[in-house]
Amino acid sequence: MSAKAKSYPPAPQHLRAACAHPSGHLTSHGSRTTLQVYLDDGLVYRNDGDDFRLPAELAQAQGVGPYFITGAGRRAILNDSQLSAVDSADEDGALRDVSWPTAAALARLTLVEYRDADGDDGRTGPKHRPFLTPAGLDAARAAKSQP
């Protein structure tokens, strides 16, 4: 890890719940202080009335609607094997050489979905393969945007 990269402590359960939420909503967040840390660290965001992302310092006072988890927020809850799997996806989003427990954990977090990638009959090869979902792609892109 580079000297500039942020290191996150183990994520609270509510960030995991936001990652698994179909729309990425943060349904609970603990205290206002905890929420502000999430906002300041770029783990979540909130929009204004015109659906534009608010700066972290204004989100609690002026925002409307739910808070949303970001790609960085999704990355913050992953363990090393999950991060490695997300970061090693092919250009088409396929995960190769990933263990089934890791793929299953990523699927529970809505970062991976299973697709029949090679059109086989299910008897001669793997019936389904894990692919990154749009949320998984967002988490993978968040690694590339870090300084």
Side-chain angles (χ1 to χ4, degrees), residues 1-118 126-147:
M1 191 179 271
S2 73
K4 291 185 178 183
K6 289 185 180 181
S7 175
Y8 298 105
Q13 195 61 25
H14 40 268
L15 278 180
R16 288 191 180 284
C19 189
H21 188 279
S23 300
H25 293 179
L26 186 67
T27 56
S28 68
H29 51 74
S31 69
R32 289 182 59 84
T33 303
T34 300
L35 179 59
Q36 193 61 51
V37 169
Y38 292 159
L39 289 162
D40 292 341
D41 287 349
L43 303 179
V44 300
Y45 70 93
R46 193 174 194 193
N47 291 330
D48 66 10
D50 294 325
D51 213 25
F52 289 98
R53 188 180 292 198
L54 285 167
E57 60 274 5
L58 301 177
Q60 288 195 63
Q62 296 180 11
V64 296
Y67 294 89
F68 296 92
I69 192 166
T70 64
R74 294 177 194 281
R75 290 185 70 78
I77 64 171
L78 301 179
N79 65 32
D80 290 341
S81 65
Q82 293 165 344
L83 280 170
S84 181
V86 167
D87 291 344
S88 67
D90 290 351
E91 287 182 19
D92 62 355
L95 300 182
R96 311 251 187 245
D97 300 322
V98 61
S99 69
W100 70 264
T102 298
L106 292 170
R108 285 190 299 274
L109 293 170
T110 69
L111 300 178
V112 162
E113 64 188 1
Y114 292 95
R115 299 180 200 160
D116 185 0
D118 52 9
K127 186 171 182 178
H128 296 97
R129 299 191 54 193
F131 283 78
L132 292 177
T133 62
L137 291 169
D138 189 37
R141 280 191 296 269
K144 293 173 179 60
S145 66
Q146 293 176 355

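All residue numbers in this chain count up from 1 along the given sequence.
- Between Gly136 and Val86, the shortest heavy-atom distance links the atoms O-CG1, 4.0 Å.
- Although no hydrogens or angles enter the test, the distance criterion places no donor-acceptor pair under 3.5 Å between the side chain of Arg129 and the main chain of Arg115.
- In plain terms, the two heavy atoms of Gln36 and Ala56 that are nearest each other are NE2-O, 3.0 Å.
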- request: Evaluate the side chain to side chain contact (heavy atoms under 4.5 Å, CB included) criterion for residues Asp48 and Gln62: first the C-alpha distance (whole Å), next the side-chain angles of each, then the deciding distance (0.1 Å), finally the verdict.
  value: CA-CA 7 Å; Asp48 66 10; Gln62 296 180 11; over 6 Å; no
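- Here the OG1 atom belonging to Thr102 is positioned 10.5 Å from the CG atom belonging to Leu78, to the nearest 0.5 angstrom.
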- request: Apply side chain to side chain contact (heavy atoms under 4.5 Å, CB included) to the pair Arg74 and Leu109, showing each step before the final yes or no.
  value: CA-CA 9 Å; Arg74 294 177 194 281; Leu109 293 170; over 6 Å; no
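- Distance check: Leu132 CG to Leu106 CG gives 8.0 Å after rounding to the nearest 0.5 Å.
- Heavy-atom minimum distance, Asp87 versus Ala140: OD1-CA, 4.3 Å.
- Here the CG-CD distance, from Leu54 to Gln60, works out to 11.5 Å after rounding to the nearest 0.5 Å.
- Distance check, rounded to the nearest 0.5 Å: CD1 of Ile77 to CG of Leu111 gives 6.5 Å.
- Taking each heavy atom of Arg75 and Ala143 in turn, the nearest pair found is CZ-CB, 3.3 Å.
- Here the CG-OH distance, from Leu26 to Tyr45, works out to 12.0 Å after rounding to the nearest 0.5 Å.
- Between His14 and Tyr67, the distance from one ring center to the other does not fall under 6.0 angstrom.
- Counting heavy-atom neighbours within 6.0 Å of Asp92 CG, excluding the residue itself, gives a total above 12.
- Within 6.0 Å of atom CZ in Arg32, 12 or fewer heavy atoms from other residues, nucleotides or ligands are found, so the atom counts as exposed in its surroundings.
- Minimum interatomic distance between Thr70 and Gly42 (heavy atoms only, all atoms of both residues): OG1-O, 2.5 Å.
- Taking the centre of each ring, His25 and Phe68 come in below the 6.0 Å mark.
- Distance check: Arg53 CZ to Leu58 CG gives 14.0 Å after rounding to the nearest 0.5 Å.
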field: Residue pair Val44, Leu39: steps toward the side chain to side chain contact (heavy atoms under 4.5 Å, CB included) verdict
entry: CA-CA 5 Å; Val44 300; Leu39 289 162; 3.8 Å; yes
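- Contact record, Cys19 with Thr110: O-OG1, 2.8 Å, taken as the closest heavy-atom pair.
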